[in-house]
Asks: 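Below is one structure. I have some questions about it.
In this text the structure is predicted, and so the values were computed from the model without any measurement. In what follows, chains carry the letters A, B, and so on, assigned in the order in which the sequence lines appear, proteins first and then strands, with residues in each chain numbered from 1.
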2 protein chains.
Amino acid sequence: MHATDDEQPRDLRTRRKLETREAIGAAALRLAIEQGPDGLALVRVRDIAEAAGVSPRTYNNYFSSREEAICAFQADRARRLGRILRARPADEPLEEALTAAVIEHAIPPPDRAGLRMIMETPELEGEALKAFALAERPLAEAIAERTGTDPDRDLYPNVMAAAVAAAVRVAGRHWVTGDGSEPFADVLRRALAHILPAVTRKE
Amino acid sequence: MHATDDEQPRDLRTRRKLETREAIGAAALRLAIEQGPDGLALVRVRDIAEAAGVSPRTYNNYFSSREEAICAFQADRARRLGRILRARPADEPLEEALTAAVIEHAIPPPDRAGLRMIMETPELEGEALKAFALAERPLAEAIAERTGTDPDRDLYPNVMAAAVAAAVRVAGRHWVTGDGSEPFADVLRRALAHILPAVTRKE
DNA sequence: CCACAAATTGCGTGCCACGCACTTAGTGCG
DNA sequence: CGCACTAAGTGCGTGGCACGCAATTTGTGG
């Protein structure tokens, strides 16, 4: 009864498709990092396509904007959170399950340069926010399943999901801003500790 | 020592400028609502400009995308939150001050059709998320001021600001999704109640 | 082996963001 | 009360991008 099912296909075609998508996304991010936050306009579509070994037309079969391509990896990563939470044992308290899921979600830690690039570039930040927001829905569903609430009717699971996503986002920003000596997982734990006391169900 | 100062100018020029900006934003939103979430592509720049009684070139002196123009009112509204919180009495407990600020911020309640349009249109939602994220910084600064923390070093004020913004956002979505019988302020209160218990300072 | 489906590509079209230069309108000072 | 100065509005030209369409290549299944 999953609302989001990401099957892992053995189909050759589908695998190629995934590969090209990742190739384009990786190329886009790499070029963006090379140019830096202020040179985003210099990253042309044809450059991305060429770097990915693909035609410009194909690039935009997969993405409808450069921002989307650059943030693809982050979007895919964010989508994992809900699934990971579902995989936690059902009898685990929500607070622990959430923490564990978020930490597990951060393995391996995201590419620091990439995250930094995205967080420091306004246009990319917007796209990243969209990615985070998209991840909230499956997360809310997973939370609802654990708490016996309904994401379509109740505020609780949606607020919790949004708050957790917000904490992860802030933690990421903090991590890329600092000197990086503190492990990402630790920053995540601290950020979550600020909002998790609010898991108290009241309705 | 404000980081964001929105002066209210009596200058004729500046007033005209503000009027133009609002005229364009209002026209953009109105046209978008007319076309509905699926007809966003039909809202051309020249239509917006014409409806606002201004040249297309002028339109894009103010906004660099239709989405930005359509969501301008929401962005301006979001920016108010930090200022409102600062205006609350300094001795008021953070939890109460936050609630009061958010409620006050919702007066007058936002245009339901506009909010609905924005929430139901993916491209606009992205822009709205950016607006919310932009409002987080001044909010975090206001929270930091109240709690004696530093938004540049500490996680706490940033996490709290993001969580509050997230709650407001979710409340807004819930409000426009439902039948609207419940006042927006009540939805806000309920949403905040889920995260405000987390105001416990731990570091 | 063959028909079918799906992905890649080239081409053409309409739209848009933005730099530049010019005009028009407000402002402040002598 | 003009007069220089500044700032906003505007027209035009350019480069770039998203996307529909149709042809081609590349897997897939009977």
Asks: Taking atom types as they are modelled, would you say the side chain of A/R16 forms a donor-acceptor pair with the base of D/dT26 within the 3.5 Å cutoff?
Replies: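 Result: no qualifying N/O pair found.
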
Asks: Less than 3.5 Å apart, any donor N or O on the side chain of B/S64 or B/E68 sitting next to an acceptor on the other?
Replies: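 Yes, side-chain donor-acceptor contact under 3.5 Å.
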
Asks: Are the side chains of B/Q74 and B/L115 in touch, meaning some heavy atoms are under 4.5 Å apart?
Replies: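 Side-chain contact under 4.5 Å: yes.
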
Asks: Looking only at heavy atoms, which two atoms of B/C71 and B/A128 are closest? And how far apart?
Replies: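 Smallest interatomic distance, heavy atoms only, reads SG-N, 4.2 Å.
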
Asks: Which parts of nucleotides 11-22 of chain D does protein reach within less than 4.0 Å, heavy atoms only, written one letter per nucleotide 5' to 3' as B for base, S for sugar-phosphate only and - for none?
Replies: BB---SSBBBB-

Asks: Decide salt bridge (charged side-chain N to carboxylate O under 4.0 Å, His left out) for A/R66 and A/E123; before the verdict, give the C-alpha distance in whole Å, the side-chain angles of both, and the deciding distance to 0.1 Å.
Replies: CA-CA 10 Å; A/R66 286 164 313 193; A/E123 291 120 311; over 6 Å; no

Asks: Mind checking side chain to side chain contact (heavy atoms under 4.5 Å, CB included) for A/P89 and listing every partner two or more places apart, or none if nothing turns up?
Replies: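 Listed in chain order: A/D91, A/E92.
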
Asks: Between B/L12 (CG) and D/dA8 (P), how many Å, whole number?
Replies: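 For the pair B/L12 CG and D/dA8 P, the rounded distance is 12 Å.
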
Asks: So, A/Y62 and A/T20: side-chain donor and acceptor under 3.5 Å apart, yes or no?
Replies: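 Yes, A/T20 and A/Y62 have a side-chain donor paired with an acceptor closer than 3.5 Å.
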
Asks: Taking only Lys NZ, Arg NE, NH1 and NH2, and the carboxylate oxygens of Asp or Glu, determine whether B/D76 and B/R21 approach each other closer than 4.0 Å.
Replies: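 Counted as a salt bridge, because a side-chain N and a carboxylate O are separated by less than 4.0 Å.
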
Asks: Does any pair with a residue in residues 41-50 of chain B pass side-chain hydrogen bond (donor to acceptor under 3.5 Å, both in side chains), and if so which ones, sequence neighbours excluded?
Replies: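 Pairs touching residues 41-50 of chain B that pass the test: none.
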
Asks: Not counting sequence neighbours, which residues clear side chain to side chain contact (heavy atoms under 4.5 Å, CB included) with A/I107? List them please.
Replies: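 Once residues adjacent in sequence are excluded, A/I107 has no partner under the side chain to side chain contact (heavy atoms under 4.5 Å, CB included) criterion.
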
Asks: How many Å lie between CD on A/E19 and C1' on D/dT26, as a whole number?
Replies: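 Spelled out: CD on A/E19 to C1' on D/dT26 is 14 Å.
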
Asks: Under 4.0 Å from any heavy atom of chain A: name the first and the last nucleotide of DNA chain C that qualifies, 5' to 3'.
Replies: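 Boundary nucleotides touching chain A, in 5' to 3' order, are C/dA5 to C/dC11.
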
Asks: Here's a test of your reading of the structure: between B/T58 and B/R13, which maps to the more 5' nucleotide of DNA chain D?
Replies: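 Whichever sits nearer the 5' end wins; that is B/R13.
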
Asks: Check the pair A/K130 / B/E125 against salt bridge (charged side-chain N to carboxylate O under 4.0 Å, His left out), numbers first and verdict last.
Replies: CA-CA 8 Å; A/K130 231 165 72 181; B/E125 196 191 0; over 6 Å; no

Asks: Report for the helix from C/dC1-D/dG30 to C/dG30-D/dC1: angle between first-end and last-end helix axes, five pairs each, rounded to 10 degrees.
Replies: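 Between the first-five-pair axis and the last-five-pair axis there is 30°.
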
